[in-house]
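In this chain, numbering begins with 1 at the start of the sequence shown.
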Amino acid sequence: MNKFKAAMLGILVVCLFAGGTAAFSKTVTEKISARFANIKLIVNGNVIQTKAEPFIYNGNVYAPVATVANALSIRQEWDNKTPAVRFSNGASSIPDAIAQQAKRTLPLPCDGSDPKGSAYYCSPDTEILTKGYVNLTGAGNQEFLVLYRYKSVEGIPFEAYLTLFRQINGKAVPVNTVELYKGESTAEPGDAVYDPGLKKVYMHRYEFKLITENNTTRFGKGELLEAAIVEVQNGKLVKTGQLAKK
């Protein structure tokens with residue numbers, strides 16, 4: 001709609017200024033003429049969906065504040081008493097109860113009655129990669145990633161999985177899981193790093209290397225065996241790139 005429209009605005013908006021600042025003290029609803037020009041919100045190359053269409057008024061672009069904040073992984077909350085919209089940088093911490101629940105929600109079936117199976121399937125090494133809540137899918141800013149590494153009885157890393165969780169009504173709810181690697185028992189666990197700017201996980205695995213120092217021998221990191229990239233597409237984790245040593 002590339003034309004000016006008269007609109008009664010009762011929604012909460014944020015102003016993205018091309019330049020300068022402004023202060024608002026009015027608490028009444030007023031009728032304005034705004035231009036709707038099919039404006040897109042794009043964060044790190046991804047188009048952000050929004051229920052309220054952005055518009056232009058007096059040379060400034062307005063968009064829903066919650067949508068913009070969530071897309072940038074910035075915490076926001078509405079303070080009805082002041083009134084004000086409060087923002088804070090960085091990911092909010094994950095409550096310990098939620099974190100532990102997620103770590104117990106294993107990607108592979110765990111049968112505690114099987115001594116041999118439970119040693120492997122019920123006791124993977126776990127790590128929360130995002131270090132706090134983030135917004136990966138655009139569905140909200142209470143999402144996080146958990147890495148599970150499974151080892152053989154001898155302690156050799158055998159397979160790894162990454163699960164996307166979302167906190168819903170005080171519970172850690174798994175969205176989906178991707179397999180990072182499986183069956184390469186000759187490789188060490190590798191590195192898994194979450195990039196908050198690109199919202200991607202980079203996984204690297206290396207061959208075992210026998211290192212001798214001061215008359216002692218230990219296993220260390222050898223040549224790169226494989227690398228994988230995991231990101232969110234259509235609300236779910238997917239592998240978008242993988243390289244393997246030939």
Side-chain angles (χ1 to χ4, degrees), residues 44-46 73 91 94 98-112 114 116-140 142-167 172-209 218-246:
N44 296 323
N46 298 316
S73 296
I94 302 170
I98 296 295
Q100 294 305 317
Q101 182 185 1
K103 289 180 177 182
R104 292 193 300 268
T105 307
L106 304 179
L108 299 179
C110 165
D111 183 2
D114 179 4
K116 184 177 180 180
S118 63
Y120 181 86
Y121 291 107
C122 302
S123 304
D125 293 336
T126 59
E127 178 185 357
I128 296 181
L129 288 187
T130 50
K131 310 304 180 186
Y133 284 129
V134 293
N135 181 9
L136 291 170
T137 66
Q142 288 190 318
E143 298 175 333
F144 58 100
L145 297 171
V146 179
L147 172 68
Y148 304 85
R149 288 191 178 101
Y150 289 84
K151 296 181 179 180
S152 67
V153 177
E154 296 79 15
I156 303 299
F158 195 77
E159 55 190 316
Y161 299 85
L162 185 67
T163 299
L164 168 63
F165 282 91
R166 183 178 300 135
Q167 179 179 323
V173 179
V175 177
N176 82 302
T177 299
V178 294
E179 178 187 286
L180 296 179
Y181 62 81
K182 183 177 182 180
E184 295 290 347
S185 58
T186 60
E188 58 91 48
D191 309 317
V193 179
Y194 171 68
D195 186 326
L198 297 177
K199 296 185 178 182
K200 295 181 179 181
V201 173
Y202 297 90
M203 182 74 189
H204 304 89
R205 297 186 71 223
Y206 303 85
E207 292 180 336
F208 274 126
K209 182 180 181 180
R218 62 180 177 84
F219 284 113
K221 184 183 296 184
E223 295 183 2
L224 180 66
L225 183 69
E226 65 177 316
I229 301 174
V230 178
E231 60 185 306
V232 172
Q233 291 184 358
N234 299 319
K236 293 185 177 181
L237 293 177
V238 293
K239 269 187 179 180
T240 57
Q242 186 167 10
L243 298 173
K245 180 180 177 181
K246 296 182 179 180

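Side-chain N or O atoms of Lys199 include one that pairs as donor or acceptor with a backbone N or O of Asn135 at under 3.5 Å.
Pro124 places a side-chain heavy atom less than 4.5 Å from the side chain of Leu106.
Atom CZ of residue Arg104 and atom OG1 of residue Thr126 lie 10.5 Å apart, to the nearest 0.5 angstrom. Here the OH atom belonging to Tyr150 is positioned 11.0 Å from the NZ atom belonging to Lys182, to the nearest 0.5 angstrom.
For Thr177, the side chain to side chain donor-acceptor pair (under 3.5 Å) partners are Thr163, not counting sequence neighbours. Residues satisfying the side chain to side chain contact (heavy atoms under 4.5 Å, CB included) criterion with Leu198, sequence neighbours excluded, are Asp195, Lys200, Tyr202. Qualifying side chain to side chain donor-acceptor pair (under 3.5 Å) partners for Gln142, counting only residues two or more places apart in sequence or in other chains: none. In this structure Lys236 satisfies the side chain to side chain donor-acceptor pair (under 3.5 Å) test with no other residue, sequence neighbours excluded. In terms of the side chain to side chain contact (heavy atoms under 4.5 Å, CB included) criterion, residue partners of Thr240 (sequence neighbours excluded) are, by chain and number, Ile229, Glu231, Gln233, Val238. Residues meeting the side chain to side chain donor-acceptor pair (under 3.5 Å) test with Asp125, sequence neighbours left out: Lys151. The side chain to side chain contact (heavy atoms under 4.5 Å, CB included) search around Val178 returns Leu162, Asn176, Leu180, Val230, Leu237, not counting sequence neighbours. Ala192 is linked by a side chain to side chain contact (heavy atoms under 4.5 Å, CB included) to Leu129, Leu147, Arg149, Met203, counting only residues two or more places apart in sequence or in another chain.
Aromatic pair Phe144/Phe165: centroids less than 6.0 angstrom apart.
When all heavy atoms of Ile94 and Ala99 are compared, the pair lying nearest together is CG2-N, 3.9 Å.
Of the listed residues (Thr130, Leu136, Leu145), just one forms a side chain to side chain contact (heavy atoms under 4.5 Å, CB included) with Val201, and that residue is Leu145.
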